[in-house]
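Following: one structure in structure tokens, then a few remarks.
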Number of protein chains: 2
Amino acid sequence: MQLHKRDVVDAATTILDEYGISDLTMRRLARELNVTPGALYWHFANKQQLLGAVADRILEPVGEVPGGWRDRIAGLSGTLRDALLSHTDGAELVSASFAAGQSEAMTRIVGHLGAAAADAGVDPAHTDLAARTVVYYVLGFTADEQSRLQWDAAGAELPEGQSALGDDATARFRFGVELLVNGIGVAEHEWVHGTRA
Amino acid sequence: MQLHKRDVVDAATTILDEYGISDLTMRRLARELNVTPGALYWHFANKQQLLGAVADRILEPVGEVPGGWRDRIAGLSGTLRDALLSHTDGAELVSASFAAGQSEAMTRIVGHLGAAAADAGVDPAHTDLAARTVVYYVLGFTADEQSRLQWDAAGAELPEGQSALGDDATARFRFGVELLVNGIGVAEHEWVHGTRA
DNA sequence: ACCTGAACACCGTTCAAGT
DNA sequence: ACCTGAACACCGTTCAAGT
């Protein structure tokens with residue numbers, strides 16, 4: 001039977017979840033699909049493009065959220081982190097695809113964050129930068145968190161009894177989001193109180 | 001004559017600057033040093049560790065800066081960006097080494113930023129997070145900037161006359177730093193004005 | 001249109017053996 | 001102590017040729 005883009009992305013996601021990004025190779029993927037490596041190049045121009053499609057699959061559950069600009073930024077950040085944590089090496093893969101400009105979903109998310117920044121009163125020339133700053137934070141924080149998480153999971157299932165102390169990663173994550181939201185919010189305060197030089 | 005760690009890092013930095021990170025392979029590096037690939041493994045445990053040493057070399061010029069906490073964060077961010085832009089794919093290489101926890105220099109820089117955040121009145125439990133948030137931004141922004149810069153340089157030396165319009169990257173970079181500094185500064189305001197819930 | 005076979009030009013890492 | 005030789009187990013990508 002014929003190979004479709006969907007099947008390829010399905011199989012790629014399965015390899016990612018079960019074995020991680022270092023095992024997600026074109027040859028391994030072809031083997032899993034019972035085709036020759038060359039077959040993949042009929043459907044995708046190169047590996048980067050295929051990884052971009054996997055990134056978009058990972059980001060599918062991240063949609064627009066309702067509410068004021070603060071809630072929208074916090075909500076998007078939270079669901080983005082959740083989506084990344086739902087797949088092995090998710091943060092690393094999406095980071096790479098974002099940097100390579102291969103994720104349409106990421107472009108969409110940056111757009112939503114930019115709109116929220118605009119509502120916050122950020123100068124139109126800088127809304128995209130504010131949005132990307134939030135994305136850099138979420139990707140960086142989550143990649144860190146995930147690598148520690150996966151290292152712990154591999155090393156030992158709770159070596160000593162002290163693994164629940166100090167690692168409320170979610171609370172720490174939210175603190176960082178709050179910091180960013182506050183920074184974005186200063187633009188608003190400045191218009192209201194006229195503190196701008 | 002004997003091979004020393006310094007020589008290896010020197011040669012690696014030269015390859016990086018002249019051909020980019022994708023040409024910085026163990027085999028290529030060995031060839032340039034007139035040794036067998038295996039020789040490198042006497043001096044470095046693996047490629048990640050070697051790249052960490054290159055990252056530390058790149059970050060050598062990034063030192064502590066004087067002044068109040070706002071100036072220290074802005075100063076460190078600026079000199080960090082400058083250091084990354086001084087080497088081909090510098091941001092990408094340092095990002096990877098930072099994520100892999102292989103750069104001592106990066107740990108030092110995060111320490112300085114954390115100290116500045118503490119001076120800003122950030123809760124001691126969150127100074128490291130505030131510091132890392134700044135680092136995520138600088139690495140993300142600069143990697144983006146550098147990839148565009150290098151793409152433009154490769155494609156054509158000014159295809160049309162419009163290349164100086166809208167790309168004052170430094171001004172944009174500073175805006176993002178200001179956003180972060182403002183977010184960190186809100187902690188201070190809250191103590192002063194007692195706005196905290 | 002879609003895929004195979006086979007090649008091209010590489011990788012990182014290990015390790016017995018040499019000096 | 002430091003390095004070579006040689007192997008192991010892979011990579012991504014291309015492309016004539018087949019169906």
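Residue numbering restarts at 1 for every chain, and letters A, B, ... go by the order of the sequence lines.
- Remark: DNA chain D takes part in the stems C:4-8 with D:12-16, C:12-16 with D:4-8, each of 3 or more antiparallel Watson-Crick or G-U pairs, criterion distances under 3.5 Å.
- In this structure, Glu178(A) does not pair ionically with Arg174(A), as no charged nitrogen and carboxylate oxygen lie closer than 4.0 Å.
- Salt-bridge check for Arg172(A) with Glu145(A): failed, with every basic side-chain N at 4.0 Å or more from each acidic carboxylate O.
- Leu40(B) has its CG atom 14 Å from the C1' atom of dC11(C), to the nearest Å.
- Per the geometry, CZ belonging to Phe44(B) stands 15 Å off P belonging to dT14(C), to the nearest Å.
- Annotation: dA16(C) and dC3(D) have their C1' atoms spaced 13 Å apart (nearest Å).
- Computed from coordinates, the Gln49(A) CD to dG12(D) P distance equals 15 Å when rounded to whole Å.
- Remark: Arg28(A) is positioned above the aromatic ring of Tyr19(A), its terminal NZ or CZ atom under 6.0 angstrom from the ring centre and at most 45 degrees off the axis.
- As a whole-Å value, the separation of Gln2(A) CD from dC2(C) P is 5 Å.
- At the heavy-atom level, Thr36(A) lies under 4.0 Å from base atoms of the strands shown.
- Distances shown here put a side-chain N or O of Trp42(A) below 4.0 Å from the OP1 or OP2 atom of dC2(C).
- Arg81(A) forms a cation-pi arrangement with Phe173(A), by the criterion of a distance under 6.0 Å to the ring centre and an angle within 45° of the ring axis.
- Rounded to a whole angstrom, the distance from the C1' atom of dA7(D) to that of dC11(C) is 14 Å.
- A residue-by-residue look at Asp23(A) and His4(B) shows that His4(B) has its nearest nucleotide of DNA chain D further toward the 5' end.
- When the C1' atom is used for both dC2(C) and dC15(D), the distance is 14 Å, rounded to whole Å.
- Between Lys5(A) atom NZ and dC2(C) atom C1' there is a gap of 14 Å when expressed in whole angstrom units.
- Candidate nucleotides dC11(C), dG12(C), dC3(D) were compared by shortest atom distance to the side chain of Arg28(B), and dC11(C) ranks first.
- In the set dT4(C), dG12(D), dT13(D), the nucleotide with an atom closest to the side chain of Thr25(A) is dG12(D).
- Rounded to the nearest 0.5 angstrom, Leu84(B) CG and Ser95(B) OG are separated by 7.5 Å.
- When the C1' atom of dT4(C) is taken as reference, atom OH of Tyr41(A) falls 15 Å away, rounded to whole Å.
- Set against dC3(D), dG12(C), dT13(D), the side chain of Arg27(B) has dG12(C) as its closest nucleotide.
- In the set dC3(D), dA1(C), dG12(D), the nucleotide with an atom closest to the side chain of Met26(A) is dG12(D).
- Under 4.0 angstrom from either OP1 or OP2 of dC3(D) there lies at least one side-chain N or O belonging to His43(B).
- The residues Asp152(B) and Arg148(B) are annotated as not salt-bridged, no charged nitrogen and carboxylate oxygen being separated by less than 4.0 angstrom.
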